[in-house]
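Below is one structure, written out as structure tokens; comments come after it.
Residue numbers start from 1 in every chain, and the chains themselves are labelled A, B, ... in the order their sequence lines are given, proteins ahead of strands.
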There are 2 protein chains.
Amino acid sequence: MESIPTGIDSIIYFRVMSKPTKVTIQDIARFAGVGVGTVSRVLNGHPNVSPETEANVRKAIEALGYRPVVAAQTLRTRRSNVIGFITDEIATSPHAGQIIRGAQEAAWKGGKILLLVNTQWDPELEQAAVETMIDRQVDGLIYATMYHRPVTPPEIMRQIPSVLLDCFTEDASLPSVVPDEFNGGYEATKLLIERGHQRIGFINNTDPIPAQRLRMKGYCAALESYDLPFDEALVVERKSEPKGGYDGMMVLLDLPDPPSAVFCFNDRMAMGAYDAIRQRGFRIPQDIAVIGFDNQELIAANLYPGLTTMQLPHYEMGIWAVEYLLSMLETSEKDDFKQECSPPQVQLKCPLVLRDSV
Amino acid sequence: MESIPTGIDSIIYFRVMSKPTKVTIQDIARFAGVGVGTVSRVLNGHPNVSPETEANVRKAIEALGYRPVVAAQTLRTRRSNVIGFITDEIATSPHAGQIIRGAQEAAWKGGKILLLVNTQWDPELEQAAVETMIDRQVDGLIYATMYHRPVTPPEIMRQIPSVLLDCFTEDASLPSVVPDEFNGGYEATKLLIERGHQRIGFINNTDPIPAQRLRMKGYCAALESYDLPFDEALVVERKSEPKGGYDGMMVLLDLPDPPSAVFCFNDRMAMGAYDAIRQRGFRIPQDIAVIGFDNQELIAANLYPGLTTMQLPHYEMGIWAVEYLLSMLETSEKDDFKQECSPPQVQLKCPLVLRDSV
DNA sequence: ATTACTATTGGAATCGATTCCAAACAATTT
DNA sequence: AAATTGTTTGGAATCGATTCCAATAGTAAT
């Protein structure tokens, strides 16, 4: 029993180290010579604890290395500090990362953590995912899609605070945040106009999605506010891929009075447009200016010349969705009433990313 | 009290609907006229329950719409059916989605769900994330990086079953799954050789990462197995971006005896190589064949001609990591002993994606 | 008939926190 | 001195499952 531990001692020591016995609030209470209620009060910053006892309790917590068991807290308080995050499709889009990152960072700041399920467009899985989350008593739900579109999420979602991310319901019955497509289209066109272009082509998508319709509206609105005529011939619709951009550009170049600038529905189409323009021997941006949409770094930054484009605010939408959810949780804690005012339908601006194609 | 509900009745009805009272195992027991133990036994498929009582209990469960409260289960059993998923960087890489998708799908199949934290390379956050996860009694941890590299994860991680995804520790002390870079380099080079090329350039990365070293080794090994000479001049190292690929390709084209095919470290460099080749008036693949690495769809599929490349098995690694974790959990349930055999260091093959550049 | 065993069951104890109530005590007012 | 008020505290009850133990009934073996 000298300073050197015996064999048995060291084994015990080892076992203690390898499987640290869980320290509970009871242990703290005993160690500090107080009741469990007092420890809990200190832990949760409740009033009416004398400074001395608080100090004692804190010392005990420190000394024993106490860590709360979240399951017990959740059981008692019915709050898990978890936010359920449901995505329809996580893999195909490089934007997914930005959405998740924004949401995750905002959640962490609010002391919450994300529980993730990816449903790959499967409605059954979607339903099951929401149920699982509710079983786990998540504080709220985020339902995120990888491109801006209308959705009909499982009804059961309405049982708990929920926010739609990059999507919306037709009846606007759930809070939602999406990109401001109209403004994006407007600003893109405006940039081209302000750089002196008078005839501006628009190579649009054919899919009847909000982005397609609203960017078009933005394009028209910009022309109108600068008193430029709208020429039907300058708008072509093609499939949303490089080939579509290529074909569309060719059509525009074949016009008797071709445009000096073109706004492409997205960067992939712009990529195709680049090819068409160069194949015809024109230079970008001297002969023809090009602006895209999405700011897909991999394309936009790597094209030559670098593609000027509008960025989708994925990161910001992720943050907004979680922050709004957190604010809902706060208010629903105070008043037990459900918010009666209509849920916000927010649109976030798409910032311009200037490179060299305009 | 006729068939039409009174005002008060309908209010009560509404309240019941809007806030469904939680059905507990006690309610089931009462309803079915059995004890709580019996209900629990049915729920967990334990033996020694007579068929009739089981049927009764199941009927009660169905009738009352019972759903278990996960927090209570976790508290009692100390198993949360949650897997912690920690990433260093989720946003920049389009591959992130594939990794997460694979992991998530495998987890769902195993009845688990992912708790996600993204640490943005911040060691403090990393530590905090692991602690939070342990507090929440996750069953295990996945530590994922967005490119293949050595790491030193927080020590505390070793307290619970953990798997490294797309990374490894130098001492191989944790199970790990990474891409088989050597084989990837080998197969890429082999393809070029089998298509009849004798002089094959390699535009490598400059970063001293495993991919850089191992793909080079694979390149050399392939040459050797086909009895082709290794020519130092055919290997150039540049920054891993389109500009680097462009510059590297130019160097190779300027050789007195230029290669007829080139293996690029990744698709972005291949993109630059394309530009160089075309600028010199050569055709792909007739004059010079090109193969890349990564299969970044956005680039490889959209280049003209489509880029043949080696695909990183992100999706598969995600699956493997979770499945291995699940198997660890199973065995650690049976034997209480920690697995003493050395943790597996798995390498998954990179499949070839044939397009038109070879 | 007695013993030994198995199959089935009910219900108390348990997990680890929070919360509420009553008690103890101090300070203030009447 | 008694009554009132306010502060601080301990500890029982609670959340909703699982698990273990003891009890019962039924069957087989002695």
Subject >> Sugar-phosphate, base or nothing in reach of A:Ser40, heavy atoms under 4.0 Å >> reply: base
Original post:
Do the side chain of B:Arg41 and the base of C:dG10 come within less than 3.5 angstrom through a donor-acceptor pair of N or O atoms?
Top reply: yes
**OP:** Assign each of B:Thr38 and B:Arg76 to its nearest nucleotide of DNA chain C by heavy atoms, then name whichever residue's nucleotide is nearer the 5' end.
**Re:** B:Thr38
Subject >> Short side-chain N/O contact from A:Arg78 to OP1 or OP2 of D:dG16, under 4.0 Å >> reply: yes
**OP:** Please determine, by modelled atom types, if A:Asn118 and A:Gln120 share a side-chain donor-acceptor pair under 3.5 angstrom.
**Re:** yes
**OP:** Would you mind classifying the nucleic acid contact of A:Val69 as base, sugar-phosphate or nothing, using non-hydrogen atoms under 4.0 angstrom?
**Re:** sugar-phosphate
Original post:
Phosphate oxygens OP1/OP2 of C:dT9: is one of them under 4.0 Å from a side-chain N or O of B:Asn48?
Top reply: no
Subject >> Whole-Å gap separating P (D:dC15) and CG (B:Asp27) >> reply: 11 Å
**OP:** Using a strict 4.0 Å threshold on nitrogen-to-oxygen distance, state whether B:Arg58 and B:Glu54 make a salt bridge.
**Re:** yes
Subject >> Rounded distance in Å - CG (A:Asp135) to C1' (D:dG16) >> reply: 13 Å
**OP:** Name the closest nucleotide to the A:Ser50 side chain, picking from C:dC15, D:dT9, D:dT18.
**Re:** D:dT9
Original post:
Which part of the nucleic acid does B:Val49 contact within heavy-atom distance under 4.0 Å: base, sugar-phosphate only, or nothing?
Top reply: sugar-phosphate
Original post:
Does any N or O donor sit under 3.5 Å from an N or O acceptor when you compare the side chain of A:Arg136 with the base of D:dG16?
Top reply: no
**OP:** Determine, for B:Glu105 against B:Arg101, whether the closest basic-nitrogen to carboxylate-oxygen distance falls under 4.0 angstrom.
**Re:** yes
Original post:
C:dA17, C:dT18, D:dA17: which one has an atom nearest the side-chain heavy atoms of A:Asn44?
Top reply: C:dT18
Original post:
Quick one: do B:Glu131 and A:Arg67 make a salt bridge, cutoff under 4.0 Å?
Top reply: yes
**OP:** Take atom CZ of A:Arg30 and atom P of D:dG11, then tell me their distance rounded to the nearest Å.
**Re:** 12 Å
Subject >> Distance, rounded to the nearest Å, where B:Arg79 contributes CZ and D:dT18 contributes C1' >> reply: 13 Å
**OP:** Among C:dT19, D:dT18, D:dT9, find the nucleotide with the atom closest to the side chain of B:Val36.
**Re:** D:dT18
Original post:
Think B:Gln26 has a side-chain N or O under 4.0 angstrom from the OP1 or OP2 of D:dA17?
Top reply: no
Subject >> Length of the CG-P vector between A:Asn56 and D:dG10, whole Å >> reply: 11 Å
Original post:
CD1 of B:Ile25 versus C1' of C:dG11: gap in Å, rounded?
Top reply: 12 Å
**OP:** Please work out if A:Thr53 contacts a base, only the sugar-phosphate, or nothing of the nucleic acid, heavy-atom cut-off 4.0 Å.
**Re:** sugar-phosphate
Original post:
Taking only side-chain nitrogens and oxygens of B:Thr77, does any of them come within less than 4.0 Å of OP1 or OP2 of D:dT19?
Top reply: no
Original post:
Does A:Tyr66 make a side-chain N or O approach to OP1 or OP2 of C:dG16 shorter than 4.0 Å?
Top reply: no
Original post:
Roughly how many Å is it from CG in B:Leu75 to P in D:dT18, rounded to a whole number?
Top reply: 12 Å
Subject >> Minimum side-chain heavy-atom gap A:Pro153-A:Leu164 below 4.5 Å >> reply: yes
**OP:** Examine distances only and state if a side-chain atom of A:Ser162 and a backbone atom of A:Met157 form a donor-acceptor pair shorter than 3.5 Å.
**Re:** yes
Original post:
Starting at CD of B:Glu52 and ending at C1' of D:dA25, how long is that distance when rounded to a whole Å?
Top reply: 14 Å
